[in-house]
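Chain letters run A, B, ... following the sequence lines, proteins first and then strands; every chain starts at 1.
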Amino acid sequence: MTQTHSDYRLSQLDQLEAESIHIFREVAAEFEKPVLMFSGGKDSIVMLRLAEKAFFPAKIPFPVLQVDTGLDFDEVLTTRDNWVNRLGVKLVVASIDDAIANGVVVDDGKTSRNRLQIGTLLNAIEENGFTAAFGGGRRDEEKARAKERVYSHRDEFGQWDPKNQRPELWSLYNGRLHEGEHMRIFPISNWTELDVWDYIGREGIEIPDIYFSHQRRVFVRDGMLMSETPLNPLREGEVVEERTVRFRTCGDITLTGCVESTASTIPEIIDEISVARLTERGATRGDDRFSEAAMEDRKKEGYF
Amino acid sequence: MSTETGQMDLLRFATAGSVDDGKSTLIGRLLYDSKSIFADQLEAVEKTSEAKGHSYVDLSLLTDGLRSEREQGITIDVAYRYFATPSRKFIIADTPGHVQYTRNMVTGASTADLGLVLVDARHGLTEQSRRHAVLLSLLRVPHLVLCVNKMDLVDYSQETYEKIHAEFTQFATKLNIPDLEVIPISALQGDNVVDRSTNMDWYSGPTLMHHLEHVHVASDRDLVDVRFPVQYVVRPQSDEHHDYRGYAGQVAGGVLKPGDEVVVLPSGMTSKIAGIDLFGTEVPQAFPPMSVTVRLEDDVDVSRGDMIARVNNAPTPSQDIDAMVCWMTTTPLKPRQKLAIKHTTRTGRALVKDIQYRLDVNTLHRDQDTKELGVNEIGRVQLRTTVPLLCDPYAKNRTTGSFILIDEATGVTVGAGMING
């Protein structure tokens, strides 16, 4: 014996990477028209990195789709453009404003942009004939996501039926579709928030600056620190002050809160998360707070 | 740069049981004691428990994520949970225990390194716990832990533990369980879950957490028989990489090295490995479960669905498949039925030639009179496939020995198969 089993050890992060790359390749091989849903957030950046690795030295064989809410952080859009240019992939932008103008979705003044994303996204998938859409959802994020498959089937209305999911065994994924249906693919299902940060640190890849500690003018709403912006008018009693903050997630600027933090490097962020007492969605996402099943309900309708 | 968490290894384990066995309490405790439950999650669970009128914090609400599950108070589907200790990351596939959810348990067990079965110390082995052990054995989950729970309710009696231990060991001789650990615990009180119990001095074995952290899983992989199912052909067709042609896939068995003489199946063409690429870096070797891109020295015809193996150690392509099949849909499986089959990266069609017997997963009795399999039933099935499968016995390799069956009309996954050897 010259080598032992321990010489063939693969760290958990390498195992997660191998699993995700396997998923990207399966989809590229079996689906006619895949697309990667890119928000500019850390999870979708990790997805892009994995896709880059899966097909290297060839280019990523599918385009990237972004839903432009009109309420995105500028830093996020900059990072998006840098990534897309470096990789030479095609970017498809589905704008909520265009969708409203074209009557695809209706802005009644009460529905959040987050919710209007659903119709805009589904329309973009339909118009472009995408049959598979990669998303950066992770099962540790939220309990409805904890039950979702890696290949998550959507009917011709884009809906998810949580009670009728296809069994998913071993690493054998079933990509069968009928006309008009599509599949949502979650290649980083088994990653945790900490894994994502470890990977970003290890790979040394670019993420939006707002993830790192910075000075920002903020106000408190529903117990969360929100950015001062003309897009999100102050309500009575809300006071703006400058604080040292960072973002744990990148969403719609009017719904995504930040946390007070001095973490300005990835190791500092990892230290901070390791002792965090709130989940990233619970801490900073207004969109998940409406009811216990908020995510499940949005997912059923076709949310990411 | 890489942190300690990135370097940890990984253990995937499956749990089966119902609320009655204290399964949710146990998982809740593992998550809570490893600080994997966050304050907002706990607060939500406390609120819901209170609203439901419970006098205790119902930790099952943490894992039962779907509205219908919370309404019915049962786990229906597989839920995946994550926690980590300083040495390992854990992925729990939490599955329901009832017989009508056997397919969910099979799903959860398919990727597990370890299976955890719970029994209530007051009731001893039940039909349900036997069934869980049978399924874990059938799915070739290499490590099994039997947790004798609720020891606090039997006065931490050694005699009770020994009796269940002996009974289970006896039953396990009929199964394929290479590694068994029987641990007396109280999930509610925390005895032997994370901390060693002071109530059971007579027990000298590991606590559950210690066992989960230290059980050796690295040697469960097949590192001898090279199996590389080709997933995707990488052809950049750019000026810089004009002649690049690589075969991308995830290693299913053995160790591949540059210079190795290999055979491509089913064509039988031979060549040598010119190089193994991992994102622009050439690696000296590839082993399971690495995802790599393999280049060959000769310009042989290789495409998705082919398999790279060693010249003197390759699976025999076969169109006649003998397998244990778990049926997962309400319309029964019958002889002469035609289905789609997916095996590694190969897809074809399969004809059901015969159903030899139905296995009673509670008693291991083989019922040879039934000629069909209903939902959640498992039986021995003969298939004839349109394309040859490049397969191994499931007992030898869980990747090249497994397949799924798909209903061609609905597109739904309706069966899971494990090839007999």
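When each of Thr111(B), Ile406(B), Thr399(B) is scored by its heavy-atom pairs under 4.5 Å with chain A, the top score falls to Ile406(B). Of the listed residues (Thr329(B), Thr344(B), Val292(B)), the one with the most heavy-atom contacts under 4.5 Å to chain A is Val292(B). Of all the listed residues (His153(A), Glu181(A), Glu19(A)), the one sharing the greatest number of non-hydrogen pairs under 4.5 Å with chain B is Glu19(A).
In this structure, Pro57(A) and Pro236(B) approach most closely via the heavy-atom pair CG-CG, 3.7 Å. The two residues Gln231(B) and Ala29(A) have their closest heavy-atom pair at O-CB, 3.6 Å. Heavy atoms only, all atoms of each residue included: Phe56(A) and Val234(B) are closest at O-CG1, 3.9 Å. For the residue pair Leu169(A) and Val106(B), the shortest heavy atom distance occurs at CD2-CG1, 3.7 Å. Summarising the geometry of Pro289(B) relative to Ala18(A), their closest heavy-atom pair is O-CB, 3.2 Å, with the distance given to 0.1 Å. Minimum interatomic distance between His178(A) and Gly411(B) (heavy atoms only, all atoms of both residues): CE1-N, 4.5 Å.
For a residue to count as touching a neighbouring chain, one of its non-hydrogen atoms must lie under 4.5 Å from one of that chain's; by this rule Ser238(B) does not touch chain A. Within the 4.5 angstrom heavy-atom criterion, no atom of Ala93(B) approaches chain A. Heavy atoms closer than 4.5 Å to chain A are found in both the backbone and the side chain of Met290(B). Proximity to chain B (any heavy atom under 4.5 Å) is restricted, for Ser189(A), to the backbone atoms N, CA, C and O. Contact of Glu17(A) with chain B is not made at all, since no heavy-atom distance falls under 4.5 Å. Heavy-atom distances place the side chain of Leu16(A), and not its backbone, under 4.5 Å from chain B. In this structure, chain A has a heavy atom under 4.5 Å from the side chain of Leu139(B), while its backbone stays farther away. Lys342(B) touches chain A through backbone and side chain together, each having a heavy atom under 4.5 Å away. Interface residue Ile91(B): only side-chain heavy atoms are found under 4.5 Å from chain A.
Using a 4.5 Å cut-off on side-chain heavy atoms (C-beta onward), Thr347(B) and Glu30(A) make contact. Between Arg176(A) and Val412(B), every side-chain heavy-atom pair lies at or beyond the 4.5 Å cut-off. Annotation: side chain of Trp170(A) is in contact with side chain of Met418(B) (closest heavy-atom distance under 4.5 Å). When side chains are defined from C-beta on, Arg25(A) counts as touching Ser291(B), because their heavy atoms get closer than 4.5 Å. The shortest distance between side-chain heavy atoms of Ile21(A) and Gln250(B) does not fall below 4.5 Å.
Checked against a 6.0 Å centroid threshold, the rings of Tyr232(B) and Phe55(A) count as neighbours.
Expressed to the nearest 0.5 Å, how far NZ of Lys89(B) lies from CG of Asp198(A) amounts to 9.5 Å. Between the OG1 atom of Thr413(B) and the CG atom of Asn174(A) there is a distance of 3.5 Å, given to the nearest 0.5 Å. Once rounded to the nearest 0.5 Å, the distance linking NE2 of His241(B) with NZ of Lys59(A) reads 11.0 Å. A distance of 6.5 Å separates CZ of Arg149(A) from OG1 of Thr107(B), quoted to the nearest 0.5 Å. Atoms NZ and OG1, from Lys53(A) and Thr293(B) in turn, are 12.0 Å apart once rounded to the nearest 0.5 Å.
No donor-acceptor contact under 3.5 angstrom links the side chains of Arg166(A) and Thr410(B), judged on distance only. With 3.5 Å as the limit, one finds a donor-acceptor pair spanning the side chains of Asn190(A) and Tyr82(B).
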Might you work through the side-chain contact (heavy atoms from CB on, under 4.5 Å) test for Arg49(A) and Phe279(B), ending with a clear yes or no?
CA-CA 10 Å; Arg49(A) 178 61 160 190; Phe279(B) 188 47; 3.6 Å; yes
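Residue Lys33(A) qualifies as enclosed at atom NZ: its count of foreign heavy atoms under 6.0 Å is above 12.
Salt bridge annotation for Arg81(B)-Asp140(A): absent, with no cationic side-chain nitrogen under 4.0 angstrom from a carboxylate oxygen. Checked for salt-bridge contact, Glu168(A) and Arg103(B) miss the test: no charged N lies under 4.0 Å from a carboxylate O.
Both tests hold for Arg139(A) against Tyr80(B): distance to the six-membered ring centre under 6.0 Å, angle to the ring axis within 45°.
With hydrogens and angles ignored, the 3.5 Å screen pairs a side-chain donor or acceptor of Arg221(B) with a backbone N or O of Tyr8(A).
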